[in-house]
Protein chains: 2
Amino acid sequence: MPNDAKTEEVRSHAADTRPLDAFDRRILGELAVDASLSYAELGRLVGLSAPAVHERVKRLRASGRVRGTVAVLDGPSTGKPFLAFVHVDTTGWGKTHELMALTELPELEEIHSVAGDTCMLLKVRCKSSRALEGLLARLYAMPCVKATRSYVVLSTYLERTPQADITDALENDRSMAHPGQ
Amino acid sequence: MPNDAKTEEVRSHAADTRPLDAFDRRILGELAVDASLSYAELGRLVGLSAPAVHERVKRLRASGRVRGTVAVLDGPSTGKPFLAFVHVDTTGWGKTHELMALTELPELEEIHSVAGDTCMLLKVRCKSSRALEGLLARLYAMPCVKATRSYVVLSTYLERTPQADITDALENDRSMAHPGQ
DNA sequence: CTTGAAAGCTCTGTAAG
DNA sequence: CTTACAGAGCTTTCAAG
């Protein structure tokens, strides 16, 4: 876990559009699981020298493909055992910027606009059902909010940040991609 | 970004049930946003000395409240611009362990069992809609899967890992907690 | 909890192949 | 890309208050 922030190289989201090679993907794969690796260990894992991986990680950070390194907190043991997804139906379209005011709430982890039988999808992690009620009250206080449907999580079996694949597993499927075959 | 893994102190999920004080919450709050801080900087931010914060972070890691530190990858620029949530209806109950086989797919980021008009909720990030179709094909190949509803993400406005609050914002709400008041 | 100091390791950059 | 060599900085630990 390198202090690359101070390594120079402005963190401007430069559009380094060069495609990732196999080394880059392996590096990203390891860092997505454990960013507390030294460059020496990381290099050993992917088969490169420490200076080489350092250079690549620096590039990956500068290009915006690595957004940052964070500590993953355990919700239940840090005071937030309650997790829920909330579907929000809005009146009209383009009301997303009104919902952006909710970003200030640390309980809100995700805000997406989606296609389907709802408009927006929220992920909320909070202390209790009372806290979720507080969020719903705040939602319905907005004129653009027409209805909500909440899905309270009973158990979480998997939860992780975006992974980097060596091979795209789902792409090599037996779908009806080649019907005439 | 300390290499606390090698500091000793087994990472066994010991149930250190001591409540978090204000310092712990501030430390967790900072690390959840940026874990690439030196103990010196972190100490300056929360008002403690470097050895003191080091001791606390070590405790927070050992207690399982910090599950690890990871690099947050940018989905679109790392080959996965397609994000979707999938509701899965199963026949009967307790079929979760069958869905656990999907954990091997790096495209799958979350698996929850939920209360509401569906049984399971998945979060999938993949290369294309074709890849999502591959996942659905794999889902319907399972005898326990009765139906699915997919919510394709059009735009993501917020996406972050669990945050640590200094104050529980949603708890101090004006809900109908004290009706007789 | 603090300060201070010492030891060890990593990072970071440079240089040469 | 590699190996190798330094300087700088940080982590980590211990001691003492």
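Chain identifiers are assigned alphabetically (A, B, ...) following the order of the sequence lines, protein sequences preceding nucleic acid strands; residue numbering begins at 1 within each chain.
Side-chain contact between A:Arg25 and A:Asp165 is absent, with no heavy-atom pair separated by less than 4.5 Å.
Using a 4.0 Å cut-off, no side-chain N or O of B:Tyr39 falls inside it from OP1 or OP2 of D:dC10. Contact annotation: B:Lys58 side-chain N/O to D:dT13 OP1/OP2 distance is under 4.0 Å.
By the 4.0 Å N-to-carboxylate-O rule, B:Glu55 lies close enough to B:Lys58 to be salt-bridged with it.
For A:Tyr151 and B:His112, the distance between ring centers is not under 6.0 angstrom.
For the residue pair B:Ser63 and B:Arg65, a side-chain donor N or O sits within less than 3.5 Å of a side-chain acceptor on the partner.
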Measure all distances between protein nitrogen or oxygen atoms and nitrogen or oxygen atoms of nucleotides 2-5 of chain D, and list the pairs falling under 3.5 Å.
| unit_1 | atom_1 | unit_2 | atom_2 | d |
| --- | --- | --- | --- | --- |
| D:dT2 | OP1 | A:Ser49 | N | 2.9 |
| D:dT2 | OP2 | A:Ser49 | N | 3.4 |
| D:dT2 | OP2 | A:Ser49 | OG | 2.6 |

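With rounding to whole Å, B:His54 atom NE2 is found 9 Å from D:dT13 atom C1'. B:Phe23 places its CZ atom 8 Å from the P atom of C:dC1, with the value rounded to the nearest Å. Counting to the nearest Å, the P atom of D:dC1 and the CZ atom of A:Arg59 are 7 Å from each other. A:Glu41 has its CD atom 11 Å from the C1' atom of C:dC9, to the nearest Å. Protein atom CG of B:Leu37 is 12 Å distant from nucleotide atom P of D:dC10, rounded to whole Å. Between the CD atom of B:Glu55 and the P atom of D:dT11 there is a distance of 15 Å, given to the nearest Å.
The distance from the CZ atom of B:Arg56 to the CG atom of B:Leu28 is 10.5 Å, given to the nearest 0.5 Å.
Listed by chain and residue number, nothing satisfies the ring-ring contact (aromatic ring centres under 6.0 Å, His included) test with B:Phe82 (two or more places apart in sequence, or in another chain).
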